[in-house]
Amino acid sequence: MVYQNRSFQVEVSGWHQNEVTDQNNFPIRSSGNVLITIPFSRFNQELQRINRLGGKVVNIKPLTLQIGEN
């Protein structure tokens with residue numbers, strides 16, 4: 001399926017560095033916003049996790065793979 005290879009970049013605000021977010025493999029910027037790349041196949045699970053951790057999604061941008069363009 002075409003959708004299996006799609007990914008999105010999600011900007012999340014409201015996260016603070018604590019013992020739960022320390023387990024993430026990305027740092028939280030001083031502005032409090034985080035950019036996360038999420039594959040389409042895990043999109044719902046990641047949005048639920050963001051909500052559980054108290055984050056708020058402020059922007060979603062689709063990532064496109066452009067092959068062969070100059």
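Between Ile36 and Val12, the closest side-chain pair of non-hydrogen atoms falls below 4.5 Å.
Within the structure, every pair that satisfies the salt bridge (Lys or Arg N to Asp or Glu O under 4.0 Å) test and touches residues 34-45, not counting sequence neighbours, is listed here: Arg42-Glu46.
Val57 meets the side-chain contact (heavy atoms from CB on, under 4.5 Å) test with Val10, Leu47, Ile50, Ile60; sequence neighbours excluded.
Here the straight-line distance linking atom CD1 of Ile38 with atom CD of Gln45 works out to 10.0 Å at 0.5 Å rounding. To the nearest 0.5 angstrom, Gln9 atom CD is 5.5 Å from Leu63 atom CG. A distance of 6.5 Å separates CZ of Arg52 from CD of Gln48, quoted to the nearest 0.5 Å. Expressed to the nearest 0.5 Å, how far CD of Glu11 lies from CG of Leu35 amounts to 5.5 Å.
Of all non-hydrogen atoms in Pro39 and Thr37, the two that sit nearest each other are CD-O, 4.1 Å.
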